[in-house]
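Report on the following structure.
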Amino acid sequence: MPVFLPISYLIASILFIVGLKRLSSPAEARSGNWIAALGMALAVIATLMAPHLEHRGLMLIALGIGGVAGVVGARRVPITDMPQMVALLNGLGGGAAAVVSTVEYLQVSQHAFIHAQAASATGMLGVIIGSISFMGSIVAFAKLQGLVSEKAVTSGALRFLNMGLGGLIVLCVGVLGAGGGEGWWFGLLGAALAFGGGMVAPIGGADMPVVISLLNSFTGLAAAATGFTLDNTALIISGTLVGASGTLLTQLMCKAMNRSLANVLFGGFGAAPAAGATSATGASQKPVREISPADAAVLMANVREVIIIPGYGMAVAQAQHSVRELAEMLAKRGVEVKYAIHPVAGRMPGHMNVLLAEANVPYTQLYDLDQINSEFERADVALVIGANDVVNPSARSDESSPIYGMPILDADKAQHCIIIKRSMNPGFAGIDNPLYYEPRTMMLFGDAKGAVQKLIEEMKSAG
């Protein structure tokens, strides 16, 4: 191996680590992304310059096609569809690892039996994890895109099927380890693909932040396993970094919901209202205080501090630009505006942060749950835009609630709470929210974007 290759991989790995570190800060995230991209470019160029490399022309064509597709996707896919795009890109990474592992196994299996066994050990990991990541990400994309229902599925038949597929995967691994032929390898590939789809299919749409993070870690681990198969240092290090960071993020997401990973994957959360939870039908009979856009505008324009709580409803309505405009108008009137971001609000990790950043909301105005919760008691108005379960006080007081123990944003502790919501329908957990009926809560019914636009118009007309 020429000296420039391991040196290039070492430099690329350092750039990956530095880039990942800078991604942890909003102020440095853009530069971190460029640094990591530079590391990947260096690794690819170094690999293409390696001696005795075959089919360089085909590789360059593939790079060109992928590069064009990436640029077009990045420019044309709206920021509100970013969860779907992330799921697809993540799945492609896992699928690539599975394909490379399969091709490498087919090549090595032509040689001595002992060499085939050594290659299949890491290759099997690559094909199993990569296939699960690929098909799981495709199903996640379909749920996020609305191609299939977002609701959780609790079918016993599906669980039985997944158990059977898991057993088939174990059988194929055992037979291949004992010297089984190529047919068993493709059986392993098919079983892993089916298991990946079956694993994600039962999970509800609002649990997609955890699922996407978990599948991201799977893709990293698959890439690392493929790196061992190919004896590629850069692939091993980059895959391990992705796997480790994805695993850590998954743990943080589960902690933010006070649920175990097993509960997310197998609990059927979001399939139906839990026993003991107040039904939406019964809740609809309770009286609520409704507020008009004009009155809401007057209230917010004459207070000291407003905390905005964005949720999935804001993302669906693509209201982030209107929300920023409203915040700027309030700031001109001397109102201090802050944004409270719940870790699992939306459909991917950091979904609300991405949307608000796209709308040019200053990152200094964004606060996570631990930073902002102590502020609510001093806030004059908590403006909830399309959020449900992340502000539900039942998580603190109702032990029968399925979200009991989940850390929430303390919107109920503000002096006034204005909730923008289409209707009184419950959130993903399928339970009623006592916050809607509090004396200090006022409901502003309507589409998030339309309601915020009305607030802006009322403020403009008031001068």
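One-based numbering along the sequence shown.
Under the side-chain hydrogen bond (donor to acceptor under 3.5 Å, both in side chains) criterion, Gln371 pairs with no residue, sequence neighbours left out. The side chain to side chain contact (heavy atoms under 4.5 Å, CB included) test applied to Leu161 returns Leu158, Leu165, not counting sequence neighbours. Shown here are the salt bridge (charged side-chain N to carboxylate O under 4.0 Å, His left out) partners of Asp412, two or more places apart in sequence or in another chain: Arg396. Partners of Glu325 by salt bridge (charged side-chain N to carboxylate O under 4.0 Å, His left out), not counting sequence neighbours, listed by chain and number: Lys460. The side chain to side chain contact (heavy atoms under 4.5 Å, CB included) test applied to Ser131 returns Ala98, Val127, Leu189, Ala192, Leu193, not counting sequence neighbours. Legend: residues meeting side chain to side chain contact (heavy atoms under 4.5 Å, CB included) with Leu88, ordered by chain and number and at least two apart, are Ile138, Phe141. Residues passing the salt bridge (charged side-chain N to carboxylate O under 4.0 Å, His left out) test with Glu336, sequence neighbours excluded: Lys338. With sequence neighbours excluded, the residues forming a side chain to side chain contact (heavy atoms under 4.5 Å, CB included) with Leu48 are Val44, Leu53, Met59, Leu60, Leu63, listed by chain and number. Residues forming a salt bridge (charged side-chain N to carboxylate O under 4.0 Å, His left out) with Glu328 (at least two apart in sequence, or on another chain): Arg324.
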Evaluate side chain to side chain contact (heavy atoms under 4.5 Å, CB included) for Ile341 paired with Leu356, printing each intermediate quantity in order.
-> CA-CA 10 Å; Ile341 311 297; Leu356 294 172; 3.8 Å; yes

Side chain to side chain contact (heavy atoms under 4.5 Å, CB included) assessment of Met352 paired with Leu366 | CA-CA 10 Å; Met352 296 300 107; Leu366 308 184; over 6 Å; no

Can Val173 and Leu188 be said to form a side chain to side chain contact (heavy atoms under 4.5 Å, CB included), step by step?
-> CA-CA 7 Å; Val173 169; Leu188 175 65; 4.0 Å; yes

side-chain hydrogen bond (donor to acceptor under 3.5 Å, both in side chains) between Thr122 and Thr229, worked out = CA-CA 6 Å; Thr122 54; Thr229 302; 2.7 Å; yes

May I have the step-by-step check of side chain to side chain contact (heavy atoms under 4.5 Å, CB included) for Met424 and Met443, ending in yes or no?
-> CA-CA 9 Å; Met424 292 300 294; Met443 306 295 297; 4.0 Å; yes

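In this structure, the side chains of Ile420 and Leu455 come closer than 4.5 Å at one or more pairs of heavy atoms. Side-chain contact between Phe186 and Leu106: present, with at least one pair of heavy atoms (C-beta onward) separated by less than 4.5 Å. For the pair Ile385 and Ile309, the minimum side-chain heavy-atom distance is 4.5 Å or more. Considering only heavy atoms from C-beta on, Val381 stays 4.5 Å or farther from Ile307 through its side chain. Counting heavy atoms from C-beta outward, Asn433 and Pro393 have side chains that approach closer than 4.5 Å. Residues Leu215 and Met199 have side chains in contact (heavy-atom distance under 4.5 Å, counting atoms from C-beta outward). The side-chain heavy atoms of Met314 and Lys449, taken from C-beta on, include no pair separated by under 4.5 Å. Between Pro209 and His351 there is no side-chain heavy-atom pair separated by less than 4.5 Å.
Minimum interatomic distance between Ala411 and Val384 (heavy atoms only, all atoms of both residues): CB-CG2, 4.3 Å. For the pair Gly311 and Ala387, the tightest heavy-atom approach, listed with the atom from each and the gap, is CA-CB, 3.9 Å. Of all the heavy atoms in Ile129 and Phe218, the pair that sits closest is CG2-O, 3.0 Å. Closest heavy-atom contact between Val139 and Gly197: CG2-CA, 3.7 Å. Annotation for Met300 and Ile418: closest pair CG-CD1, 4.2 Å, computed over non-hydrogen atoms.
In Tyr404, the OH atom is crowded: over 12 heavy atoms of neighbouring residues, nucleotides or ligands sit closer than 6.0 Å. No more than 12 heavy atoms of other residues, nucleotides or ligands lie within 6.0 Å of CZ in Arg30, so this atom counts as exposed by the packing criterion.
Below 30°, between 30° and 60°, or above 60°: for Trp185 and Tyr105 the angle between ring planes is below 30°, a parallel geometry.
For residues 214-224, every residue pair satisfying the side-chain hydrogen bond (donor to acceptor under 3.5 Å, both in side chains) rule, not counting sequence neighbours, is listed here: Asn90-Thr219, Ser133-Thr219. Applying the side-chain hydrogen bond (donor to acceptor under 3.5 Å, both in side chains) test to pairs two or more places apart or on separate chains, those with a residue in residues 239-253 are Ser213-Thr250.
The line from CE of Met85 to CG of Leu144 is 14.0 Å long, rounded to the nearest 0.5 Å.
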Under 3.5 Å, which donor-acceptor pairs link side chains of residues 10-23 to any protein atom two or more places apart or in another chain?
residue	atom	partner	partner atom	Å
Ser13	OG	Tyr9	O	2.8
Arg22	NE	Ser31	OG	2.8
Arg22	NH2	Ser31	OG	3.1

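For the side chain to side chain contact (heavy atoms under 4.5 Å, CB included) with Met348, the qualifying choice from Met208, Gln84, Met82 is Met82, the only one to do so.
A side-chain donor-acceptor contact under 3.5 Å links Asn388 and Tyr436.
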